[in-house]
Novice: 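Structure in structure tokens, see below.
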Amino acid sequence: MKKLFSILTLLLTVTHFSAQAQVFKSEEPLAHTYSIVARDAKTGEMAVGVQSHWFSVGTAVPWVEAGVGVVATQSFTNKSFGLRGLALLKEGKSPQEALDILLADDEGREVRQVSILDAQGRVATHTGKQCIRYAGHTIGTNFSVQANMMLSDKVWPAMAKAFETSAGKPLAERVLLAMQAAEREGGDIRGKQSAALVVVRGEATGQPWDDRTIDLRVDDHEKPLDELERLLKVYRAYEHMNNGDLAVEKGQMAKAMEEYGKAESMFPDNLEMKYWHAITLANNGDINGATKLLKEVYKKDKNWKELTERLPEVGLLTLSPQDLQKLLQVK
């Protein structure tokens with residue numbers, strides 16, 4: 001009898017661990033992390049920001065769709081929650097209704113952490129009871145912050161405070177400030193490795209390729225948030241370049257010069273910005289201004305001069321032969 005009891009106990013134990021193993025599937029990344037989902041009440045933009053000691057966290061945690069909402073799915077990540085959550089929002093479900101549906105048949109619900117925000121700014125967040133401590137979340141107006149496997153329980157309250165006190169700044173910068181606040185409180189107990197920041201429009205344009213206004217990822221870096229901050233700054237600089245080009249098209253040369261100047265002041269060593277600024281000036285008759293900039297560019301890399309020779313044949317540089325020679329003879 002004792003032998004039979006022992007066998008039954010062993011079978012039950014094996015069955016229990018087998019069931020547990022089914023929860024932690026190999027295709028589900030262990031994205032223990034902190035993240036924020038947020039909406040800008042003025043612009044309608046929505047964003048997800050995330051950082052983790054896990055490779056390429058941006059491919060697993062953030063899911064976004066303009067005019068619909070955003071999802072952050074983490075801890076023992078169920079990536080299907082991303083697309084399924086957005087689909088439920090499109091059906092007219094509230095974030096809480098969508099979250100309840102996703103968790104209802106999920107055997108791993110207690111090791112999941114997921115947050116859903118819709119285009120109205122409504123939020124629902126779940127932190128499973130078996131998420132590795134310290135784990136928790138804070139929901140506020142138009143945002144939610146959530147974290148698991150943190151060094152301390154101060155991480156997500158610090159994120160919430162940083163987001164709330166940065167009102168008035170662009171959404172992307174506010175999200176980044178929230179993540180930087182998390183890091184100051186110790187962040188992920190394992191350290192840091194990757195980060196991502198995605199921003200979408202509040203309303204769909206009908207052209208999905210234009211609906212993500214910012215999509216930045218740092219897949220593997222010693223200081224991923226520092227790198228993410230640098231990339232966001234580069235993005236802002238190129239915004240000024242684009243504004244300069246638009247001003248040129250409208251004949252607003254003073255405005256164009258202002259925008260180009262802002263871009264170049266942010267990244268004074270960026271040859272790309274200087275070069276296309278010069279080409280734009282040349283196309284608009286300012287040969288002296290163009291040659292002054294090109295002198296700096298050519299000095300650092302002669303290949304840009306070769307590129308200048310190639311532009312006329314595709315219509316990107318429309319100058320007389322004499323003016324073209326002036327650009328090419330710069331030393």
Side-chain angles (χ1 to χ4, degrees), residues 16 19-25 27-41 44-50 52 57-150 153 155-157 159-160 163 175 178 196 198 200 202-204:
H16 170 73
Q20 286 291 97
Q22 290 175 9
V23 171
F24 312 121
K25 299 175 182 177
E27 66 269 20
E28 295 177 352
L30 310 182
H32 302 292
T33 186
Y34 56 77
S35 70
I36 173 172
V37 296
R39 174 178 175 269
D40 187 307
E45 286 182 318
M46 297 171 288
V48 181
V50 59
S52 177
V57 71
T59 61
V61 172
W63 302 84
V64 301
E65 185 169 347
V68 177
V70 298
V71 178
T73 173
Q74 57 198 48
S75 189
F76 285 87
T77 306
N78 186 330
K79 290 196 288 187
S80 77
F81 282 4
L83 291 178
R84 290 168 60 202
L86 293 172
L88 289 166
L89 293 182
K90 290 173 75 172
E91 290 175 9
K93 299 290 192 298
S94 70
Q96 189 61 59
E97 290 170 332
L99 184 58
D100 291 342
I101 292 170
L102 292 176
L103 296 173
D105 61 354
D106 180 24
E107 293 181 356
R109 67 181 69 86
E110 296 306 336
V111 297
R112 310 291 190 209
Q113 191 170 51
V114 58
S115 186
I116 303 176
L117 176 144
D118 70 6
Q120 300 176 49
R122 297 178 297 178
V123 190
T125 303
H126 163 80
T127 299
K129 295 177 182 178
Q130 293 179 22
C131 287
I132 300 172
R133 70 179 174 93
Y134 290 95
H137 63 266
T138 298
I139 294 176
T141 304
N142 286 303
F143 80 93
S144 174
V145 292
Q146 43 283 329
N148 63 88
M149 201 189 275
M150 296 295 106
D153 59 1
V155 171
W156 55 98
M159 295 178 71
F163 184 77
V175 167
V198 188
V200 291
E203 295 183 6

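The basis for the numbers below is simple: all heavy atoms, side chains too, and nothing from hydrogens, waters or symmetry mates.
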Novice: Can you classify the ring geometry of Phe163 versus Phe143 as parallel (below 30°), tilted (30 to 60°) or perpendicular (above 60°)?
Specialist: tilted
Novice: Looking only at non-hydrogen atoms, find the nearest pair between Met159 and Ala178 and report the distance.
Specialist: CG-O, 3.3 Å
Novice: Within the 4.5 Å heavy-atom criterion, are Val37 and Gln146 side-chain neighbours or not?
Specialist: yes
Novice: Looking only at atom types and distance, does a side-chain atom of Arg39 sit under 3.5 Å from a main-chain N or O of Asp118, one as donor and one as acceptor?
Specialist: no
Novice: Could you tell me the separation between the CD1 atom of Ile139 and the CG atom of Leu117, rounded to the nearest 0.5 Å?
Specialist: 10.0 Å
Novice: Does Ser75 reach the main-chain N or O of Val111 with its side chain, forming a donor-acceptor pair under 3.5 Å?
Specialist: yes
Novice: Within a reach of under 6.0 Å around CD of Gln96, are more than 12 heavy atoms found that belong to other residues, nucleotides or ligands?
Specialist: yes
Novice: Could you state the interatomic distance from CG (Leu89) to CD (Glu91), rounded to the nearest 0.5 Å?
Specialist: 9.5 Å
Novice: How far does CZ of Arg133 sit from OG1 of Thr127, to the nearest 0.5 angstrom?
Specialist: 15.5 Å
Novice: Which heavy atom in Met150 sits nearest to a heavy atom in Val155, and how many Å separate them?
Specialist: SD-CG1, 3.7 Å
Novice: Report yes if some heavy atom in the side chain of Tyr134 is under 4.5 Å from a heavy atom in the side chain of Met149; otherwise report no.
Specialist: no
Novice: Nearest 0.5 Å, what's the CD-NZ distance between Glu110 and Lys129?
Specialist: 5.5 Å
Novice: Any side-chain heavy-atom pair from Pro62 and Val70 closer than 4.5 angstrom?
Specialist: no
Novice: Quick check against the 3.5 Å criterion: does Gln113 have a side-chain atom that pairs as donor or acceptor with the backbone of Gly136?
Specialist: yes
Novice: To the closest 0.5 Å, what do you measure between NZ (Lys90) and CG (Leu83)?
Specialist: 10.0 Å
Novice: Within the side chain of Arg122, is there an N or O that forms a donor-acceptor pair under 3.5 Å with the backbone of Pro95?
Specialist: no
Novice: Kindly compute the distance separating CD1 (Ile116) from OG1 (Thr73), expressed to the nearest 0.5 Å.
Specialist: 9.0 Å
